[in-house]
Amino acid sequence: MASFTLKSFTGLRQSSPDQTSFVSNVPSSLSLPQRRTSLRVTASRASPNLANRKLRVAVIGGGPAGGAAAETLAQGGIETILIERKMDNCKPCGGAIPLCMVGEFNLPLDIIDRRVTKMKMISPSNIAVDIGRTLKEHEYIGMVRREVLDQYLRERAEKSGATVINGLFLKIDLPENWDTPYVLHYTEYDGKTGATGQKKTMEVDAVIGADGANSRVAKSIGAGDYDYAIAFQERIRIPDDKMTYYEDLAEMYVGDDVSPDFYGWVFPKCDHVAVGTGTVTHKGDIKKFQLATRNRAKDKILGGKIIRVEAHPIPEHPRPRRLSKRVALVGDAAGYVTKCSGEGIYFAAKSGRMCAEAIVEGSQNGKKMIDESDLRKYLEKWDKTYLPTYRVLDVLQKVFYRSNPAREAFVEMCGDEYVQKMTFDSYLYKRVAPGSPLEDLKLAVNTIGSVFRANALRREIEKLNV
Amino acid sequence: MSISMALFSPPISSPHQNSNLIPKISLSLLSTKRLSLVSLTRASSDNGTSTPASATVSATTVEAPKPVAVEEVPVKSPSENGAVGGEETDLTTTTTEIKFQDAKWVNGTWDLKQFEKEGKTDWDSVIVAEAKRRKWLEDNPETTSNDEPVLFDTSIIPWWAWMKRYHLPEAELLNGRAAMVGFFMAYFVDSLTGVGLVDQMGNFFCKTLLFVAVAGVLFIRKNEDLDKLKGLIEETTLYDKQWQAAWKEPESSSSSTVSSKK
């Protein structure tokens, strides 16, 4: 599957970056090409060395994507500036990270508040299925507090040599030539809360937009819009005896009452639970869905106190243009949230890192100027590595979230051990592992059976309505 | 009592979309006796189908028969991005909900022994009972509970019961349609071209027509199916298109990828 996707991308590329002979003509004498269907991309191996300075890159946004990108850039010898508007931002978030993120990003284990090893999927008719029997001893889903994780990654970036600025990004002045710098306009807060801050400008060679779902960088480069879901969440502190049930268990509720195209959840956090739901198509009814979610979990959160109410948009698919010249988008700003599960933290951090790696490589550790082709390498690598995952989750969402019978079938399927093993393998380690063909066949038969039964019951229900 | 009935009948006869209001309204119910009345009115308004549920509801009560301390949950409107902090609001501390009750629903699953007819389990009635339960829950979503988990799994009903009830009647219908279409198409082609049935089968064009007829009967069963199929094809490719958008040259000629390098 991966090689298939690679073929479709190289078909669009005209030249391979390694063997170009345009050498001295790169900046000046490229005439405007006639209308071609392929992208004209030229190599930057021929870019001139930067005279007596390192490449300067600004990372806008200090979440997981920004922090990871800034760290990798700084470690690669590039002059990095990270701009974050709110250093203690408590981003409304499910807060679940897969196991591979702990290893890949060397996260200290005390960042993780809870290790979730059991999940319960609850169907519209309250059939509950326990998931997690197949997890091994050392496997878990980590629940983190975003303010803790983000702060840790920013600090690590700072220790590697990045400059962290508390400021609000305003806009970019796009350069006229291919090698003139970008001018960033931002308001620097200088650590003072409540003060209006100082307007400042900065010249940088490249920009990584990691400023989240409402990205201003994306607007500045005309990246286009995406469909987004609204995720609404209430943090509820429940009595201790009820909290023990959620010690290492997260719940997912599906049903038309809870959300027409997503799921409602109860995720345990450090000392409270987060009860929430989301939707793309019926954003106006989100409060109704939230009430329904609370109702479905009512017995288990009885006597709880709501301590915080929060909401945030979640992108549903990538923006049409994820980069433009020397500005690239990563994380939520690019729209790298999976369907079906709505997972974004790992992909944000990984894309930040991948983009930074592409910049480090293209500039040869900060010595050369980069251009768009280096950033396109990051897009290529990203799509090659993760597009299968995104596709599979999209198919799952399309098939299983469309109606109540489909959701019932989904919950039934989740009870199957093979499904659980495959799901957790692909979630925890981010690889679409090939299972055994016989089991896959059995799974296909079982899926068809479940869907058939659920739809048959739906027809029965309709007969009762008549 | 009559006042309470008058109070409660409007919400119950409201269309199903408003079913989410019912839990909220029931939060302000004041006694369980009214609940049994309420469920009876619901049961009797079920059009004609006698529900086994109605017989047992009046006899049993829901979980917590203590008097309710009514605390409505004031839902604060949240800001778009970010949080409204600080406010502590209590969730109601007692439950007085209408719950699904049925004599044959025991311990979170259907008691198959109660469905026996002439010594064998009557699977059809199990299917109907489960459908009723799901319909009830769609209209009155219930809280899940750890003490009474729902354990029913539809796969305990054997495959042939499903086949007999759903697949076979539909298969008969579709085969009938295909046969009628086939007969008349064969007659029509024969009258137009003089080619008999056996010779028609040898012709490639006729074979294609046959394939189209069978596929049409299979996939287009209602008028709405045509639009649904078109939407489906578009739906399957949409996500891919959204991902590939980064690799396409933008339509507008103000493309920076082309005009930047002067």
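What you see is a predicted model; the values in this text were computed from it and never measured. Each chain gets a letter, A, B and so on, in the order its sequence line appears, and its residues count up from 1.
Looking at heavy atoms from C-beta onward, Asn455(A) lies out of side-chain contact with Tyr166(B) at the 4.5 angstrom threshold. Considering only heavy atoms from C-beta on, Glu235(B) comes within 4.5 Å of Lys398(A) through its side chain. Counting heavy atoms from C-beta outward, Glu138(B) and Pro124(A) have side chains that stay 4.5 Å or more apart.
Within the 4.5 angstrom heavy-atom criterion, only side-chain atoms of Glu408(A), from C-beta onward, approach chain B. Proximity to chain B involves both the backbone and the side chain of Ile461(A), based on heavy atoms less than 4.5 angstrom apart. Using a 4.5 Å cut-off between heavy atoms, Ala456(A) contacts chain B through both its backbone and its side chain. Only the side chain of Asp227(A) comes within less than 4.5 Å of a heavy atom in chain B; its backbone stays farther off. Using a 4.5 Å cut-off between heavy atoms, Leu151(B) makes no contact with chain A at all. Heavy atoms of Asn404(A) lying under 4.5 Å from chain B belong exclusively to its side chain. Proximity to chain B is limited to the side chain of Lys463(A), based on heavy atoms less than 4.5 angstrom apart.
Considering all non-hydrogen atoms of both residues, Leu379(A) and Ala246(B) come closest at CD1-CB, 4.0 Å. The two residues Pro141(B) and Asn295(A) have their closest heavy-atom pair at O-ND2, 3.0 Å. Minimum interatomic distance between Glu130(B) and Leu457(A) (heavy atoms only, all atoms of both residues): CG-CD1, 3.8 Å.
For the atom pair Arg134(B) CZ and Ser123(A) OG, the distance stands at 6.5 Å (nearest 0.5 Å). With values rounded to the nearest 0.5 angstrom, Tyr239(B) atom OH is found 7.5 Å from Leu387(A) atom CG. To the nearest 0.5 Å, atom OG of residue Ser145(B) and atom NZ of residue Lys298(A) are 12.0 Å apart. One distance of note links CH2 of Trp136(B) with OG of Ser125(A); it measures 14.5 Å at 0.5 Å rounding.
Atom NZ of Lys241(B) has more than 12 neighbouring heavy atoms from other residues, nucleotides or ligands inside a 6.0 Å radius. Surrounding CG of Asn107(B) are at most 12 heavy atoms belonging to other residues, nucleotides or ligands under 6.0 Å away.
In terms of heavy-atom pairs under 4.5 Å with chain A, the best-connected choice from Asn146(B), Asp240(B), Val128(B) is Asn146(B). In terms of non-hydrogen atom pairs under 4.5 Å with chain B, the most contact-rich of Ile127(A), Val395(A), Asn446(A) is Ile127(A). With chain B as the partner, the residue from Arg235(A), His317(A), Lys339(A) showing the most heavy-atom pairs under 4.5 Å is His317(A). For chain B, the option among Gln233(A), Glu251(A), Arg402(A) with the highest count of heavy-atom pairs below 4.5 Å is Arg402(A).
Residues Tyr226(A) and Gln242(B) bring no donor and acceptor atom of their side chains to less than 3.5 Å of each other. A side-chain donor-acceptor contact under 3.5 Å links Arg453(A) and Thr154(B).
Ring pair Trp162(B)/Phe452(A): centre-to-centre distance not below 6.0 Å.
Geometrically, Arg376(A) engages Trp247(B) in a cation-pi contact defined by less than 6.0 Å to the ring centre and at most 45° from the axis.
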**OP:** Start with the C-alpha distance between Arg165(B) and Glu460(A), add both sets of side-chain angles, then the distance that settles salt bridge (Lys or Arg N to Asp or Glu O under 4.0 Å), and finish with yes or no.
**Re:** CA-CA 10 Å; Arg165(B) 195 178 169 84; Glu460(A) 198 65 47; 2.8 Å; yes
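Panel note: side chain Thr144(B), backbone Arg296(A); a donor-acceptor pair is recorded below 3.5 Å.
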